[in-house]
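Working notes for the structure below.
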Amino acid sequence: VDPVSVSVQAGDALIVVDVQNDFLSGGNLRVPAGEEVVPVLNRYISEFSHNHLPVFATRDWHPPDHCSFSARGGGWPPHCVAGTRGAEFVPELALPETATIISKAARAEQDAYSGFDGTNLHRELRHRDVHRLFIGGLATDYCVLNTVRDALSSGYEVFLLIDAIRAVDLKAGDGVRAVDDMLRRGARPVDLQSVATASSAEN
Ligand SMILES: [Zn+2]
């Protein structure tokens with residue numbers, strides 16, 4: 001995948017997907033190598049903050065009896081129960097105080113892989129005149145995939161942070177297939193260099 005060069009500008013927002021303790025090592029639903037996205041996302045966060053551009057962070061925010069949990073016949077171990085340490089953002093993630101937090105799947109009977117599903121994310125973005133989204137986080141083959149799909153179908157231009165995503169890969173190749181799917185639908189791949197280079201060339 002060849003990253004495209006792009007400079008961040010007014011109308012852009014960064015969406016950090018589900019970088020929560022339960023998805024990293026020691027958590028209840030570990031994404032392999034998930035911790036590797038944290039320092040990379042921190043660089044993107046700093047780039048957006050420097051440019052006074054909005055940063056959003058989504059999180060799974062489940063009640064203890066959530067329908068996605070195995071005890072209820074769902075496919076996952078209990079994870080990201082609202083108010084627990086597992087649901088907190090990873091402490092190393094340097095979210096600015098101004099970041100907008102989007103909680104999803106907060107009702108027992110509703111699951112949501114997309115940050116747009118059942119939340120006010122779209123309204124918040126429109127309110128701030130955002131039309132391009134830079135999306136990274138966890139996991140490539142679930143919440144990143146579905147957030148990107150919804151963003152594209154809602155009319156946003158989407159840049160996928162290919163150096164700041166990691167997959168669950170329940171089936172080998174799920175992550176690669178998810179990236180293919182997102183790019184085929186129109187997301188454009190970027191990495192730190194292709195974003196940072198373009199923006200520092202302006203200075
Ligand atoms: Zn969940």
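Just so you know, these numbers use all the heavy atoms, side chains as well, and skip hydrogens, waters and symmetry mates. For ligands, and for the atoms within them, numbers begin at 1 and follow the listed sequence.
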Between OH of Tyr156 and NE2 of His131, what distance do you get to the nearest 0.5 Å?
11.0 Å
With no hydrogens and no angle check, just 3.5 Å: does a side-chain donor-acceptor pair link Ser25 and Arg30?
no
Which ILVMFWY residues can you reach from Val176 by hopping between side chains whose heavy atoms are under 4.5 Å apart?
none
Report the relative orientation of the aromatic rings in Trp76 and His79; use parallel for angles under 30°, tilted for 30 to 60°, perpendicular for over 60°.
perpendicular
How are the rings of Phe48 and Phe134 set relative to one another: parallel (under 30°), tilted (30 to 60°) or perpendicular (over 60°)?
perpendicular
Atom CZ of Arg107: over 12 foreign heavy atoms under 6.0 Å
no
Taking 2.8 Å as the strict upper bound, the Zn ion (ligand 1) has protein N, O or S neighbours numbering 3
